[in-house]
Amino acid sequence: MKPLRIILWVLIALSLIVGAWGVYDRLVNGHENAAYGSYVVWGLWVAMYLFLAGTAAGTFFFATLDYLFRVRLFQGTGRLALFATLITLGAGLVHIWFDQGHMERIWKVYTRPNPQSVMAQMVWGYTLFGLLTTVMLVIALRVGRREGGAARARRWLAFLSVLGLPLTLFLSGGVGALLGVEISRPFWHVGLFPVQFPVFSLASGAALMLLIISLFGDAHNPQQAQQLRVLAIATVVLQVVKLYFLWADYSQSLYGGLPQNVAAINAVLFGPYWWAFWILQILLGSLVPILILVLPGVARRPAWAGVAGALVLFGFAVARANIVFPALTVPEIEALQQAFSDPRLQFAYFPSPMEWALSIGILGAAAAAFLLGYTWLRLSVVQQEVA
Amino acid sequence: MTTVLEREDILLRMQEELKRALAKPREQRRWVMVIDLRKCVGCSACTIACIAENKLPPGVVYRPVMEEEIGSFPNVTRRFLPRPCMQCDNPPCVPVCPVSATYKNADGVVVIDYDECIGCRYCITACPYAARTFDFGNTYTQGTPVAEGLIVGRERADDYERIPSFEYGEAWPRERETSPIGNTRKCQFCLHRLNAGMLPACVTTCIGRATYFGDANDPDSLVSELISRSNVMRLKEELGTQPRVYYLL
């Protein structure tokens, strides 16, 4: 086993141990040990759901490069992209499932959905998307294992890709709409959110592919270097677009001067967690990876490309938190904070150990599932050729 | 010789009006609350009455009273603003619920079906008045000593906390992982009291008689009279939520 794999498995084992405690605490004590309250009512798990579900939608696009657009450079990466889509989608949905007050009632979204609710629409959309991705993966795994039928399978994959693309647009845009429809939160009530979020999804999908191909690709394969190069360019461009969106949002809101909006932005830029924005999101999550990826000598090395991908993903996770939390830290009515004293009625939030533990555990389980699937399902080109 | 002016207590008047309203079909009632900010002294008796009536656990509050200091010394005064659920006619919390667990009932009160609510808290984020809170399952006696003997310790005080709430006319005992724990909760104008012919707890408890309640579809009701005055306002009207709670300035 390669040293990298050993390190990954050790990290996964540790995260699963931590996660087991988090799951135990959540199941036994409910939400009692969560740090969110009735004012900052959504916390780490919602931010992680937004991040992971968005990444899943973006990663699916890279599968269609293989199956629908038939881009020669990405030939053979479709399975990897589809599997990564399923894993990230699953991890996102498990996060939001644990966030529910009554996890056991989640089936009610299927039996008595409110079609007007963006959340209900999203649940149905995720279900369809999960099924579609699974079917595509099954078909993709069968291609080449049976004599004949490959052309038909390819046609099916192309057809399902055509169905999947608008679905990913709906889901990634829907995440923006989930927040954007809320008139009570000016920070979220941005008409362009459903337009911005698909771009964010695509950017995080590109970063995930960058990370996966750099970690699991064949370093001696000349095609891999080219793939990394293309993904690096895509990542840099999408990062710049993302930064532009951020600038447009914040500058307009600050210029407009709506108090609730200004307060939320000030909380992001200069609040107690200013470092999360400036250091984690902007510096480590955007500027450093851009720098890595634009330096020709550095970007071509898979290890550095992987680091850049990981940093971009990390930055996106922080960015999701910086969208969810600040809007909730601004009181809807002034003086609300002093009206009733209770630890659950505060306008400040930092995730509790239980929340961190559960999240780390889910990410560890997702990584384990990916590694096992990668080993057993022969997802990469190299493995397919060996088989 | 002094003359005693006989005047009916407004509580008695509202009680009579309530009986009149209850005799009508539900769809023809329009429950409205009016809060006279000039009379509110900020005693928070309504908050406490609400907590006692609905057996609210820590972190769940239906009717906080906000305090605001206006001006600067020597021209300074304080204003108190009780904030129940606004029972909006165009409630932003209703369409977002993924399972239609929250809705406007026939009386026009925004209610929550505790047995259907999945606890996603989307409605809490959607409310512009922060009128919804989440029941995390905490108790006031959590972490307190189990005292035996002379003082009342957790085991005896805890009993009080487990007395069921009778919201929506049903008994809701506080048992782990069962509703209303894990649900969103909110003021519902004490529907269970209304249906039994009683005014909401916050109305009867108000020491300054600053909170009025009744059927706005009854032209002779006190609330109809009050909301037709020029000094009436509603919170965040610009959002188009059409609250059913009015404030007199």
Side-chain angles (χ1 to χ4, degrees), chain A residues 27-34 36-42 46 96 99-124 178-179 181-185 188 324 327-328 331-346, chain B residues 44 47 57-61 63-69 79-83 92-103 115-122 124-138 142 176-185 235-236 239-241:
Chain A
L27 294 179
V28 171
N29 298 314
H31 290 255
E32 284 181 30
N33 294 323
Y36 43 78
S38 285
Y39 292 158
V40 182
V41 75
W42 283 345
V46 174
I96 205 65
D99 189 68
Q100 305 305 300
H102 285 280
M103 294 165 67
E104 77 285 1
R105 293 182 188 167
I106 199 71
W107 56 270
K108 286 178 187 281
V109 189
Y110 299 103
T111 56
R112 46 171 294 157
N114 173 13
Q116 270 189 296
S117 167
V118 179
M119 191 178 280
Q121 294 167 13
M122 298 292 286
V123 172
W124 279 79
L178 188 85
L179 305 175
V181 294
E182 300 216 3
I183 53 161
S184 59
R185 315 276 170 186
W188 289 347
V324 175
L328 298 169
E332 292 92 331
I333 302 171
E334 268 189 67
L336 199 57
Q337 188 162 10
Q338 289 78 34
F340 199 88
S341 285
D342 190 278
R344 298 284 185 198
L345 300 174
Q346 303 294 323
Chain B
S44 293
T47 312
V60 178
V61 61
R63 190 182 159 108
V65 178
M66 288 172 280
E67 297 184 23
E68 196 182 356
E69 200 166 283
R79 183 166 62 195
F80 306 101
L81 188 106
R83 196 247 40 221
C93 53
V94 168
V96 300
C97 177
V99 292
S100 301
T102 189
Y103 57 93
D115 288 328
E116 300 299 335
C117 173
I118 62 171
C120 68
R121 311 188 295 286
Y122 197 11
I124 300 181
T125 65
C127 176
Y129 306 100
R132 289 171 171 250
T133 44
F134 187 70
D135 192 334
F136 285 85
N138 296 108
Q142 216 165 15
R176 186 167 289 279
E177 293 301 310
T178 57
S179 292
I181 292 173
N183 287 130
T184 296
R185 302 182 67 175
L235 289 180
K236 299 192 179 185
L239 296 179
T241 50

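Within every chain, numbering begins at 1; the chains are lettered A, B, ... in the order of the sequence lines, protein sequences first and strands thereafter.
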Are the side chains of B/Ser100 and A/Arg112 in touch, meaning some heavy atoms are under 4.5 Å apart?
-> yes
Evaluate the side-chain proximity of A/His102 to B/Ser179: yes if any heavy-atom separation is below 4.5 Å, no if none is.
-> yes
Between atom OG1 of B/Thr133 and atom CG of A/Asp342, what is the distance when rounded to the nearest 0.5 Å?
-> 9.5 Å
What are the two closest non-hydrogen atoms of A/Met119 and B/Cys120, and how far apart are they?
-> SD-SG, 3.6 Å
Measure A/Glu32 against the heavy atoms of chain B and call it side chain, backbone, both or neither at under 4.5 Å.
-> both
Against chain A, work out which of B/Gly137, B/Gly119, B/Gly240 has the most heavy-atom pairs shorter than 4.5 Å and name it.
-> B/Gly119
A/Leu336 versus chain B, heavy atoms under 4.5 Å apart: side chain, backbone, both or neither?
-> both
State, with a plain yes or no, whether a side-chain heavy atom of B/Arg121 is found less than 4.5 Å away from one of A/His31.
-> yes
Comparing B/Pro95, B/Pro92, B/Cys127 against chain A, the one with the most heavy-atom pairs below 4.5 Å turns out to be B/Pro95
State, with a plain yes or no, whether a side-chain heavy atom of B/Val99 is found less than 4.5 Å away from one of A/Arg105.
-> no
Does B/Glu116 reach the side chain of A/Lys108, with side-chain heavy atoms less than 4.5 Å apart?
-> yes
Closest contact, heavy atoms only, A/Ala339 versus B/Met66 = CB-CG, 3.6 Å
Taking the side chain as every heavy atom from C-beta outward, state whether A/Val181 and B/Tyr122 have any pair of such atoms under 4.5 Å apart.
-> yes
List in chain and number order the residues that pass ring-ring contact (aromatic ring centres under 6.0 Å, His included) with A/Tyr39, two or more places apart in sequence or in another chain; answer none if no residue qualifies.
-> A/Phe347
Which residues pass the side chain to side chain donor-acceptor pair (under 3.5 Å) test with B/Thr102, sequence neighbours left out?
-> B/Arg132
Selection from B/Pro64, B/Pro58, B/Cys97 maximising heavy-atom pairs under 4.5 Å formed with chain A | B/Cys97
Heavy-atom pair count under 4.5 Å with chain B, highest-scoring of A/Trp42, A/Tyr36, A/Phe340 | A/Trp42
Are there more than 12 heavy atoms of other residues, nucleotides or ligands under 6.0 Å from atom CD of A/Glu334?
-> no
Euclidean distance, A/Met103 CE relative to B/Ile118 CD1, rounded to 0.5 Å = 11.5 Å
Within-4.5 Å side-chain heavy-atom neighbours: B/Thr125 and A/Glu182 | yes
Part of A/Val28 lying under 4.5 Å from any heavy atom of chain B = backbone
Check each atom of A/Asn114 against the heavy atoms of chain B and say whether the ones under 4.5 Å are side chain, backbone, both or neither.
-> both
Separation of A/Ser184 OG from B/Leu239 CG (nearest 0.5 Å) | 8.0 Å
Is it the backbone or the side chain of A/Ile96 that comes under 4.5 Å from a heavy atom of chain B, or both, or neither?
-> neither
Could you have a look at A/Val118, A/Ile183, A/Ile106 and say which one has the most heavy-atom pairs with chain B under 4.5 angstrom?
-> A/Ile183
With side chains defined as the heavy atoms from C-beta onward, is the minimum distance between A/Ile333 and B/Leu235 less than 4.5 Å?
-> yes
Under 4.5 Å from any heavy atom of chain A - which part of B/Glu67 | backbone
